[in-house]
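Only heavy atoms go into these numbers, but all of them, side chains included; no hydrogens, no water, no symmetry mates. Just so it is clear, the model here is predicted, and its values are computed rather than measured. Numbered from 1 within each chain, the chains take letters A, B, ... in sequence-line order.
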Amino acid sequence: MTPVEILDEMGKLFPNARCELAHEDNYQMAVAVVLSAQTTDASVNRVTPALFAKYPDVYALANGSLDEIADCIKSLGLYRNKARSIQGMAKGIVDRFDGKVPDNMRDLTSLPGIGRKCANVILSECFNVPALAVDTHVNRIAKRLGLAKADDSLMDVERKLKRKIPRDRWIQAHHQMIFFGRYLCHAQHPACKQCPFTGICLYLRKKAK
DNA sequence: ATCCCGAGGG
DNA sequence: CCCTCTGGAT
């Protein structure tokens, strides 16, 4: 199967693959994606309504009390780091980018809490820039389906996927692989009986012997 | 016990 | 490269 054929199959399984972080603007998206580290989107969506009601924009978040911000997001875990990150990010956006979420990799990753993965998500979701964010799901799926090697770094995986997938499908591919990983090819106990890729799956092959 | 749309620091 | 941060869901 070619990479594009694999993606087409995923598209049939999950035709509604899209960003599941609830957000109404770029500010909310940037905050939500930073909060999403090591947590489920569902958990993030549980805390963001109150967070955004209390801090409706970057200026409010930049000027908020760090303890109160942390309190809003406590149920997510890593909450002290995340509180520092989102407030530092808000301050950086206010001080250096005129209150607007930047639209390029270098500026985004200069902000606290935003690494390459979050920057890629923001670029694609907020600005429709061709990007392919490699998160835990994309990493796992790419390796199980032989699109990358088991010991490849996240950057290696991103490069290989970008080489194998047409640019105009990068954003869609990201969501398709996430949905496939989140709802079928789980980290533990993947639903192999429903999977169309058992013929090429390295996880299954390894498991068999 | 393991994983969840990671980043920063050593 | 490694480690730490962290609570909730399964």
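- Each side chain to side chain donor-acceptor pair (under 3.5 Å) pair with one or both residues in residues 165-181 of chain A, not counting sequence neighbours, appears once here: A:Asp8-A:Arg169.
- Ionic pairing of A:Glu158 and A:Lys117 is not present here: no N-O contact between side-chain nitrogen and carboxylate oxygen is shorter than 4.0 angstrom.
- Between the side chains of A:Lys82 and A:Ser36, no donor-acceptor pair is found at a separation under 3.5 Å.
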Task: Base versus backbone protein contacts along nucleotides 2-10 of chain C [heavy-atom cut-off under 4.0 Å; B, S, -] - done: ---BBBSS-

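- Atom CD of A:Glu24 sits in a sparse spot, with 12 or fewer heavy atoms from other residues, nucleotides or ligands closer than 6.0 Å.
- Note on A:Cys118: only backbone sugar-phosphate atoms sit closer than 4.0 angstrom, heavy atoms only; bases stay farther off.
- Residues of residues 123-149 of chain A having a heavy atom closer than 4.0 Å to DNA chain C: none are found.
- By the side-chain hydrogen bond (donor to acceptor under 3.5 Å, both in side chains) test, A:Ser153 pairs with A:Asp156, sequence neighbours left out.
- With hydrogens and angles ignored, the 3.5 Å screen pairs no side-chain donor or acceptor of A:Asp41 with any backbone N or O of A:Cys19.
- Judged purely by distance below 3.5 Å, without hydrogens or angles, the side chains of A:Ser43 and A:Thr40 pair a donor atom with an acceptor atom.
- In terms of the side-chain hydrogen bond (donor to acceptor under 3.5 Å, both in side chains) criterion, A:Asp25 has no residue partners (sequence neighbours excluded).
- Within the 3.5 Å criterion, the main-chain N or O of A:Leu76 finds a donor-acceptor partner in the side chain of A:Thr39.
- Partners of A:Lys54 according to the salt bridge (charged side-chain N to carboxylate O under 4.0 Å, His left out) rule, which considers only residues two or more places apart in sequence or in another chain, are A:Glu68.
- Every salt bridge (charged side-chain N to carboxylate O under 4.0 Å, His left out) that A:Lys100 has, sequence neighbours left out, goes to A:Asp98.
- Rounded to a whole angstrom, the distance from the P atom of B:dA7 to that of C:dG8 is 23 Å.
- Residue whose closest nucleotide on DNA chain B sits further toward the 5' end, between A:Arg18 and A:Gly113: A:Arg18.
- The separation of B:dC3 from C:dC5, taken at their C1' atoms, amounts to 16 Å, rounded to a whole angstrom.
- Under the side-chain contact (heavy atoms from CB on, under 4.5 Å) criterion, A:Ser75 pairs with A:Val47, not counting sequence neighbours.
- Residues in residues 6-57 of chain A take part in these ring-ring contact (aromatic ring centres under 6.0 Å, His included) pairs, two or more places apart or across chains: A:Tyr27-A:Phe52.
- For the pair A:Asp41 and A:Ile114, both in contact range of DNA chain B, the more 5′-proximal nearest nucleotide belongs to A:Asp41.
- Heavy-atom distances under 4.0 Å link DNA chain B to no residue of residues 8-15 of chain A.
- A donor-acceptor contact shorter than 3.5 Å links the side chain of A:Glu5 to the backbone of A:Thr2.
- If you check every strand for non-hydrogen atoms under 4.0 Å, A:Leu35 touches nothing.
- A salt bridge between A:Asp152 and A:Lys143 is absent, with no side-chain N of the basic residue lying under 4.0 Å from a carboxylate O of the acidic one.
- The same atom, C1', is picked in B:dC4 and in C:dT6; the two are 12 Å apart, to the nearest Å.
- For DNA chain B, the contact window with chain A, defined by any atom under 4.0 Å from a protein heavy atom, covers B:dT2 to B:dG8 in 5' to 3' order.
- Within residues 157-187 of chain A, no residue approaches DNA chain C, by heavy-atom distance under 4.0 Å.
- Side-chain contact between A:Phe180 and A:Pro190 is absent, with no heavy atoms from C-beta onward closer than 4.5 Å.
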